[in-house]
Amino acid sequence: MRAHARAACWTICGWTVFTTAFVAGLGLMAYQALHGNGTSGDVVLTIVVATSLHQTVQNTANYTAETANSGTYIEPYLWLRKYIGNLSTGSGTVQPSQSLTTGIVFEDVSFRYHGTEGKALDGVSAALDAGSVVAIVGEYGSGKTTMAKLLNKFYTPDTGRILVDGVDMQMLVTASWRERISATFQDFGRFRTKMSEGIGLGDLAHIDDAARIQSAAEFACVDELIERLPDGLSSQLGRALGGVELSEGQWQRVALARGAMRERPLLFMLDEPTASLDAAAERAVYERYMERARRIGRDYGAVTVIVSHRFSTVRSADKILVMQGGRLVEMGTHVELLALNGLYAELYSIHESAYQT
Ligand SMILES: Nc1ncnc2c1ncn2[C@@H]1O[C@H](COP(=O)(O)OP(=O)(O)O)[C@@H](O)[C@H]1O
Ligand SMILES: [Mg+2]
């Protein structure tokens with residue numbers, strides 16, 4: 001408001017100066033015309049010149065203001081570029097290997113989000129063995145997504161380490177590590193691109209690889225949707241850009257396909273990626289994912305991490321981590337955890353009874 005008030009003052013000053021000068025100029029010309037030093041044409045000319053001068057000055061002022069305003073958008077963009085630049089230069093120098101032999105280990109990892117009080121993760125230690133499928137369960141806000149983000153090296157643990165085949169993740173080249181991850185997040189992106197790009201973005205090097213995109217689409221059961229689109233894979237997404245608008249479940253499928261673009265991920269990760277799918281579609285997606293998880297686990301030791309509320313998926317995992325308030329409270333197989341009769345057993349019985357009713 002202060003800026004607006006200041007701008008209004010300047011505008012009034014400007015108008016006052018202009019009006020005064022205009023009236024004075026006009027008066028002068030009229031005076032001269034009346035005394036035979038000019039013609040009525042001169043008076044008209046004065047009006048025309050003054051008007052066009054006013055227009056020019058106003059346009060210049062407007063354009064200057066607009067240019068200054070665009071700084072508002074450029075500044076955060078430049079900040080972001082610098083931030084990302086620092087991230088990659090701040091990354092390690094070790095290249096991740098082609099396969100995993102021991103796996104990924106959380107070693108007493110704690111993490112607190114900037115500007116918050118409580119720890120999102122508190123002293124988590126767990127081994128995600130090479131070639132295994134690990135499920136993470138727990139109530140909302142228990143730290144499941146935070147673990148997923150740390151695995152992707154989006155943040156650095158405050159204390160403790162995450163080891164990838166014995167190498168501290170901080171020592172890994174960040175970009176290279178991410179290139180070895182195939183992930184679909186809970187808060188997936190809804191990119192207003194062409195359909196092919198929306199999927200291809202999952203592996204930038206192959207964004208034009210039609211065959212790869214097609215198989216990723218089939219894998220995530222998004223191929224039927226593509227067939228129904230006006231231009232197939234070339235269809236523009238997002239009404240804002242004149243394209244088709246997708247439903248929440250359809251955006252989710254695109255995100256799943258994007259997460260299936262990489263062929264040899266060391267870490268295969270799903271963070272509750274099926275919330276908007278119906279039960280049948282969800283089962284189909286999970287079946288494919290488990291099959292892929294088993295295959296890449298067997299072939300070269302890839303680790304699969306699945307965050308899910310669906311116990312039919314969770315129970316087939318090799319290891320289940322049960323989170324509560326940022327702490328890892330239970331860990332084991334479905335059978336072991338049921339026998340423990342703790343939090344997992346409680347969550348499971350709630351789920352079972354809800355399912356039966
Ligand atoms: N970006 C963030 N900034 C601040 N706090 C966050 C952020 N993301 C998550 N949290 C907090 O961290 C805790 C764990 O969240 P999260 O890992 O997303 O839980 P879950 O995935 O199990 O639901 C919660 O208390 C949540 O409020
Ligand atoms: Mg979450």
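We count ligands from 1, going down the list as the structure has it; atoms in each ligand are counted the same way. Here the structure is a predicted model, which means the values were calculated and not measured.
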- Message: A cation-pi test, strictly: NZ or CZ of Arg310 under 6.0 Å from the centre of the six-membered ring of Tyr286 and no more than 45 degrees from its axis. Yes or no?
- Response: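 No; the conditions do not both hold, so Arg310 does not lie above the ring face of Tyr286.
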- Item | Cation-aromatic face contact Arg292/Phe268, 6.0 Å, 45 degrees |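 Yes, Arg292 sits over the ring of Phe268.
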- Task: Select the closest option to atom 11 (C) of ligand 1 among Tyr113, Phe154, Phe111, Tyr140, judged by heavy-atom distance.
- Result: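 Result: the heavy atom closest to atom 11 (C) of ligand 1 is in Tyr113.
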Under-4.0 Å salt bridge between [X] and [Y]:
{"X": "Asp187", "Y": "Lys149", "answer": "no"}
{"X": "Arg212", "Y": "Glu263", "answer": "yes"}
{"X": "Arg112", "Y": "Glu117", "answer": "no"}

Side chains of [X] and [Y], heavy atoms from C-beta outward: is any pair under 4.5 Å?
{"X": "Arg264", "Y": "Ile296", "value": "no"}
{"X": "Phe22", "Y": "Trp15", "value": "no"}
{"X": "Val307", "Y": "Leu270", "value": "no"}

- Message: Does atom OH (Tyr31) have a neighbourhood of more than 12 heavy atoms from anything else shown, all under 6.0 Å?
- Response: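 No, OH of Tyr31 has 12 or fewer neighbouring heavy atoms, counting only those of other groups under 6.0 Å.
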- Query: Would a 4.0 Å cut-off, counted as strictly less than, catch a protein heavy atom around atom 26 (C) of ligand 1?
  - Reply: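 No; the ligand atom in question lacks any protein heavy-atom contact below 4.0 Å.
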- Any protein heavy atom nearer than 4.0 Å to atom 5 (N) of ligand 1: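 Within 4.0 Å of atom 5 (N) of ligand 1, protein heavy atoms are found.
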- Find the distance between CE (Met269) and OG1 (Thr184) and round it off to the nearest 0.5 Å.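 The OG1 atom of Thr184 is 8.0 Å from CE of Met269, to the nearest 0.5 Å.
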- Taking atom CG of Leu150 and atom CD1 of Ile104, what is their separation to the nearest 0.5 Å?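 Between atom CG of Leu150 and atom CD1 of Ile104 there are 12.0 Å.
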- Any N/O pair Gln186/ligand 1 closer than 3.5 Å: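 The answer is no, given that Gln186 and ligand 1 share no N or O pair closer than 3.5 Å.
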- Return a yes/no value for Lys144: is any of its N or O atoms, backbone included, closer than 3.5 angstrom to an N or O of ligand 1?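 Yes.
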- Atoms named by residue and atom, protein N, O or S, within reach of the Mg ion (ligand 2) (under 2.8 Å):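 Within the sphere that stays under 2.8 Å of the Mg ion (ligand 2), the protein atoms of type N, O or S are Thr145 OG1, Gln186 OE1.
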- So which protein heavy atom does atom 23 (O) of ligand 1 come closest to, and at what separation?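 Of the protein heavy atoms, Gly141 N, 2.7 Å lies nearest.
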- Message: Below 4.0 Å from ligand 1: does a non-hydrogen atom of Met147 turn up there or not?
- Response: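 Contact absent.
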- Task: Would you check whether Gly138 reaches within less than 4.0 Å of ligand 1, judged by its heavy atoms?
- Result: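 Gly138 does not count as a contact of ligand 1 under the 4.0 Å cut-off.
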Taking only heavy atoms of [X], which atoms of ligand 1 are found under 4.0 Å from at least one of them?
{"X": "Thr146", "result": "14 (C), 15 (O), 16 (P), 17 (O)"}
{"X": "Ala120", "result": "12 (O), 13 (C)"}
{"X": "Glu139", "result": "22 (O)"}
{"X": "Thr116", "result": "4 (C), 5 (N)"}
{"X": "Ser142", "result": "19 (O), 20 (P), 22 (O)"}
{"X": "Thr145", "result": "17 (O), 18 (O), 20 (P), 21 (O)"}

- Query: Does the separation of the ring centres of His334 and Tyr348 fall below 6.0 angstrom?
  - Reply: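 So the answer is yes for these two rings.
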- Message: Looking only at the aromatic ring of each residue, does the gap between the centers of Tyr155 and His114 stay below 6.0 angstrom?
- Response: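 Between His114 and Tyr155, the centre distance exceeds or equals 6.0 Å.
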